[in-house]
2 protein chains.
Amino acid sequence: MDKREKILKAALQLFNQYGFDNTPTARITKEAGVATGTLFNYFKNKEELINVLYLTCKESLTRRLSAGLEQETTFRSKLKRIYINYIGWSLDHTDEFLFFQQFCNASCIGETTRKAGLSKFNNIMELISEGIEQEIIKNVNLEYMSNLLMGILNANTYYFIDHPSLAGDEVFIETSFNFLWDSIKN
Amino acid sequence: MDKREKILKAALQLFNQYGFDNTPTARITKEAGVATGTLFNYFKNKEELINVLYLTCKESLTRRLSAGLEQETTFRSKLKRIYINYIGWSLDHTDEFLFFQQFCNASCIGETTRKAGLSKFNNIMELISEGIEQEIIKNVNLEYMSNLLMGILNANTYYFIDHPSLAGDEVFIETSFNFLWDSIKN
DNA sequence: AATGAGATTGACTATTTAGTCATTTGCACT
DNA sequence: AGTGCAAATGACTAAATAGTCAATCTCATT
């Protein structure tokens, strides 16, 4: 693993545990096993580091979200696939998931970074739009719907993270998905 | 308003805007219009300040949540009352609501404080339990259910905060509550 | 008017931290 | 072995900040 990656990995863990401002760059480089100066070779400053981290995580997540989506035929099964992918990714990358929860609204993440991150969700937004048009799900505006979906999705994800054994429990996955589905279906 | 209150009010605004570590105590006292030393007369240190703030907000919220609850007769109407109270409080105390969202999991809030805050939700938890026992809502464990309810509640609240004119729109309140209700009802 | 106890002040200190930069190291190619 | 260049180093600096404390102020009581 090259030093840049080591720095990103250490920063992810430490930012999660202590927060952005409570993590000295010296601690990041120590954890990464590199010199303090090395961090500033790869990143202009501490803020650029966390912004790169944010986009890296977001890319990893969005890649996963659409995995196997094309195989699903109905709107419900597509949504369930996304649901499973989101939870699966969060279980495989818990540090990254928690990082998002902590920093998705933090001021150290720049507006540019946040916009770049959001654009990656476009195809999922389109799917939701179609569901509304076809009257499969309730007719409310897209902003409300995506807000709500993320809320339910994250609540479920937290629960799966606290009870990882449920990840293999098909029955509970269906049960929990139905909390989401029943909420929005027409 | 006495100086202690002024300090708490300034801290609330500044912590929200800049975060805990990015808000110098000097800035808090300046905003509050008192000397830097005064903060440390009323609070042992910066951490005690934020913990007091947390509990103060939580008390204000829980007082509001059960307002008028005894007048409601059905389980659904009780839950809707709590829903309206929560959103109403958040609109009246947006700074306090956002403070919670930012700091509910932050490490600067001590374990003792967090436990003290949680205990205030006991009566609402009991209501949920009854709803499950009476098979009015789905039978899942209480931790899952409360997790999910908070997720939906907060998602809705954010939307109302972004669109404050909806607060008086009975139809939209009912519509949005139904996203919650349809999710959990049996 | 005098008293004094508690509230308030703000200059000050000891510590921490982001970022710099002159120097050293590792390595690919002669 | 020699050369040159990018990568890496870590001692150092300038700035920021939590908390202290001796001095000052306020005001109820006599």
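Scope of the values below: all heavy atoms of this structure, side chains included, with no hydrogens, waters or symmetry mates. Throughout, a chain's letter reflects where its sequence line sits, starting with A, and its residues are numbered from 1.
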Quick note, ring pair (Phe, Tyr, Trp, His ring centres under 6.0 Å) partners involving residues 12-41 of chain B, not counting sequence neighbours, are B/F15-B/F20

Separation of D/dA16 atom P from B/Y18 atom OH, nearest Å, is 15 Å

Considering only NZ, NE, NH1 and NH2 on the basic side and carboxylate oxygens on the acidic side, decide whether A/D95 and A/K9 come within less than 4.0 Å. no

Those residues at least two apart in sequence (or on a different chain) that pass side chain to side chain contact (heavy atoms under 4.5 Å, CB included) with B/R63 are B/E59, B/S60

First and last nt of DNA chain C near chain A, cut-off under 4.0 Å to heavy atoms, 5' to 3', are C/dT17 to C/dT20

In short, ring pair (Phe, Tyr, Trp, His ring centres under 6.0 Å) pairs touching residues 106-125 of chain B with sequence neighbours left out are none

Taking N or O atoms only and anything under 3.5 Å, show me the protein contacts with nucleotides 7-14 of chain D, one pair per line.
from   : atom 1 : to    : atom 2 : distance (Å)
D/dA8  : OP2    : A/Y42 : OH     : 2.2
D/dT9  : OP1    : A/K3  : NZ     : 3.4
D/dT9  : OP2    : A/A35 : N      : 2.8
D/dT9  : OP2    : A/T38 : OG1    : 2.5
D/dG10 : N7     : A/T36 : OG1    : 3.2
D/dG10 : N7     : A/G37 : N      : 3.2
D/dA11 : N6     : A/T36 : OG1    : 3.2

*asked:* Whether the B/S183 and A/D182 side chains hold a donor-acceptor pair (N or O, under 3.5 Å, no angle test) is what I'd like checked.
replied: no

Between A/A32 and A/K6 the two heavy atoms that sit nearest each other are O-CD, 3.4 Å

Six-ring centre of B/Y42, B/K3 cation under 6.0 angstrom, axis tolerance 45° | no

N/O to N/O distances under 3.5 Å, protein versus nucleotides 26-28 of chain D:
none

Taken in chain and number order and not counting sequence neighbours, the residues that satisfy side chain to side chain contact (heavy atoms under 4.5 Å, CB included) with B/T29 are B/V34, B/T36, B/L39

Sorted by chain and residue number, the side chain to side chain contact (heavy atoms under 4.5 Å, CB included) partners of B/N45 (sequence neighbours excluded) come out as B/E47, B/E48

Whole-Å distance, B/F40 CZ to D/dT20 C1', equals 9 Å

- Where does the angle between the aromatic ring planes of A/F99 and A/F103 fall among parallel (under 30°), tilted (30 to 60°) and perpendicular (over 60°)? tilted

Residues of residues 19-29 of chain A with a heavy atom under 4.0 Å from any atom of DNA chain D, listed by number, are none

A/K80 meets the salt bridge (Lys or Arg N to Asp or Glu O under 4.0 Å) criterion, sequence neighbours left out, with A/E174

To the nearest angstrom, the CG-P distance between B/L14 and D/dT17 comes to 12 Å

For B/E135, the side chain to side chain contact (heavy atoms under 4.5 Å, CB included) test, sequence neighbours excluded, returns B/N186

Name each donor-acceptor pair under 3.5 Å that joins a side chain in residues 152-161 of chain A to protein atoms two or more places apart or in another chain, with its distance.
from   : atom 1 : to     : atom 2 : distance (Å)
A/N154 : OD1    : A/Y86  : OH     : 2.6
A/N154 : OD1    : A/Q101 : NE2    : 3.2
A/N154 : ND2    : A/M150 : O      : 3.2
A/N156 : OD1    : A/Y83  : OH     : 3.4
A/N156 : OD1    : B/Y144 : OH     : 2.4
A/N156 : ND2    : A/I152 : O      : 3.0
A/T157 : OG1    : A/L153 : O      : 2.7
A/Y159 : OH     : B/N141 : ND2    : 2.4

